Amino acid sequence: MDAYFPGRRLGGVTLVLGPVVMAAGYLLRWTSSVVALTPQQQAWADGRPFAAYGQLLAYASEPALVTLAYAVFALGALLLFPAFVTLAQQVGGRLAFWGGTLLVAGLFARLYFAGADQTAFQLTEVIGLDRATDAIMKEYVDISYGPWRIPVWASVGQYAGSLLLAVAAWRSRLFGVTRAVMLLLAGGTWMGVLKGASIPDVLVTVLLCVALAPLGVRLLRGLPPIRETTSRWW
């Protein structure tokens, strides 16, 4: 295993920590909106066509908390990169390699969106919340899609990649039905600029922790992954 990127130790650590940090990022993003917005502000934000209105308002109210939430979320995306590469290598085969590659492309899209998020937040510091919100929402589609729409197309990789990798993991007997479904559900979370998180986002990412952590622990212990000769639920 150490002959292949990212290696046994880094792969094992990120399989355990990557989904944990990402789940913490979702939880913090949901919490920051709850803490930063009054019930009246939340009702106003819920009536807007995009979550960006509420996210910018939350940042204006609690910039440190919102920055922490977005930073942890971006760190989770970074840690999942070697985790998904390791998972695809452990599964093996063309289907897994396609799935892993598409999932990594989706993580690259998340980092583009993180840069757009940070730019939007800093714009509120320079020109004020109202003017920044007007400017951002006027160009929101172009900002979200990115140059030549490459980021938004890369984001599709998360959905397609999680499906391919989940099927490949099940077919290889590395995952049973339950863990394959956990991986698939985690791949269905939202992508985009200035999105709001919810409790279901947290829960499905916790399921990803449950799916990936056992494999990460076995790698760190130097043990081969468990494979069954027949289909299994776990």
Side-chain angles (χ1 to χ4, degrees), residues 6 9-37 42 45 50-87 103-125 136 143-144 146 151 154-155 157-159 161-162 182-183 185-213 215-217 220:
R9 291 178 179 81
L10 182 57
V13 168
T14 53
L15 280 167
V16 174
L17 290 184
V20 171
V21 174
M22 181 62 85
Y26 276 115
L27 180 60
L28 284 168
R29 287 180 73 151
W30 174 75
T31 303
S32 63
S33 294
V34 173
V35 171
L37 301 180
Q42 186 64 64
F50 296 102
Y53 290 94
Q55 294 299 295
L56 291 169
L57 183 57
Y59 178 82
S61 300
E62 294 285 347
L65 178 59
V66 173
T67 298
L68 172 65
Y70 277 71
V72 172
F73 188 82
L75 178 60
L78 281 173
L79 292 173
L80 283 176
F81 164 48
F84 285 144
V85 170
T86 303
L87 176 59
L103 271 173
V104 169
L107 294 175
F108 287 168
R110 285 200 183 277
L111 292 179
Y112 167 83
F113 298 142
D117 295 337
Q118 180 67 7
T119 301
F121 291 147
Q122 293 306 305
L123 193 59
T124 67
E125 302 274 5
I136 292 163
I143 293 171
S144 298
S155 70
Q158 173 183 281
Y159 309 110
S162 61
M182 289 176 176
L183 175 60
L185 289 175
T189 53
W190 47 261
M191 301 279 280
V193 174
L194 295 171
K195 298 292 186 180
S198 64
I199 290 299
D201 297 322
V202 179
L203 293 178
V204 296
T205 313
V206 170
L207 292 179
L208 184 64
C209 302
V210 177
L212 299 186
L215 177 60
V217 171
L220 289 173

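Bear in mind that the values here come from a model prediction, so they are computed numbers and not experimental data.
Summarising the geometry of A23 relative to C209, their closest heavy-atom pair is CB-SG, 4.5 Å, with the distance given to 0.1 Å. The minimum heavy-atom distance linking A186 with V204 is given by the pair CB-O, 3.8 Å. Summarising the geometry of A51 relative to G196, their closest heavy-atom pair is CB-N, 3.7 Å, with the distance given to 0.1 Å. Considering every non-hydrogen atom in both L37 and Q42, the closest pair reads CD1-OE1, 3.4 Å.
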Considering only distance and modelled atom types, tabulate donor-acceptor pairs under 3.5 Å from the side chains of residues 62-71, sequence neighbours left out.
unit_1 : atom_1 : unit_2 : atom_2 : d
T67    : OG1    : P63    : O      : 2.7
Y70    : OH     : R29    : NH2    : 3.2
Y70    : OH     : Q55    : OE1    : 2.6

Atom pairs and distances, donor-acceptor, side-chain atoms in residues 112-120, under 3.5 Å, two or more places apart:
unit_1 : atom_1 : unit_2 : atom_2 : d
Y112   : OH     : I143   : O      : 2.7
D117   : OD1    : L194   : N      : 2.7
T119   : OG1    : G115   : O      : 2.9

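Between the NZ atom in K195 and the OH atom in Y26 there is a gap of 11.5 Å [rounded to 0.5 Å]. Rounding to the nearest 0.5 Å gives a distance of 6.5 Å between CG of L15 and CG of L87. Rounded to the nearest 0.5 Å, atoms CE (M191) and CG (L107) are 7.5 Å apart. Note that the OG1 atom of T86 and the CG atom of L215 stand 8.0 Å from one another [nearest 0.5 Å]. Once rounded to the nearest 0.5 Å, the distance linking CG of L56 with CD1 of I136 reads 4.5 Å.
For S162, the side chain to side chain contact (heavy atoms under 4.5 Å, CB included) partners two or more places apart in sequence, or in a different chain, are L103, L184. With sequence neighbours excluded, no residue forms a side chain to side chain donor-acceptor pair (under 3.5 Å) with S61. Applying the side chain to side chain contact (heavy atoms under 4.5 Å, CB included) rule to V85 yields the partners F5, P6, F81, Q89, V104; only residues at least two apart in sequence or on another chain are considered.
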Using side-chain contact (heavy atoms from CB on, under 4.5 Å), reason through F73 and L28 one step at a time and then give a plain yes or no.
CA-CA 8 Å; F73 188 82; L28 284 168; over 6 Å; no

Determine whether F84 and L183 satisfy the following criterion, side-chain contact (heavy atoms from CB on, under 4.5 Å), listing intermediate values before the conclusion.
CA-CA 11 Å; F84 285 144; L183 175 60; 4.2 Å; yes

Apply side-chain contact (heavy atoms from CB on, under 4.5 Å) to the pair L208 and M22, showing each step before the final yes or no.
CA-CA 10 Å; L208 184 64; M22 181 62 85; over 6 Å; no

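Every pair passing side-chain hydrogen bond (donor to acceptor under 3.5 Å, both in side chains) that includes a residue from residues 200-209 is listed here, sequence neighbours excluded: W190-D201, S198-D201.
Paired with T14 under the rule side-chain contact (heavy atoms from CB on, under 4.5 Å), one option of L79, V21, L212 passes, and it is L79.
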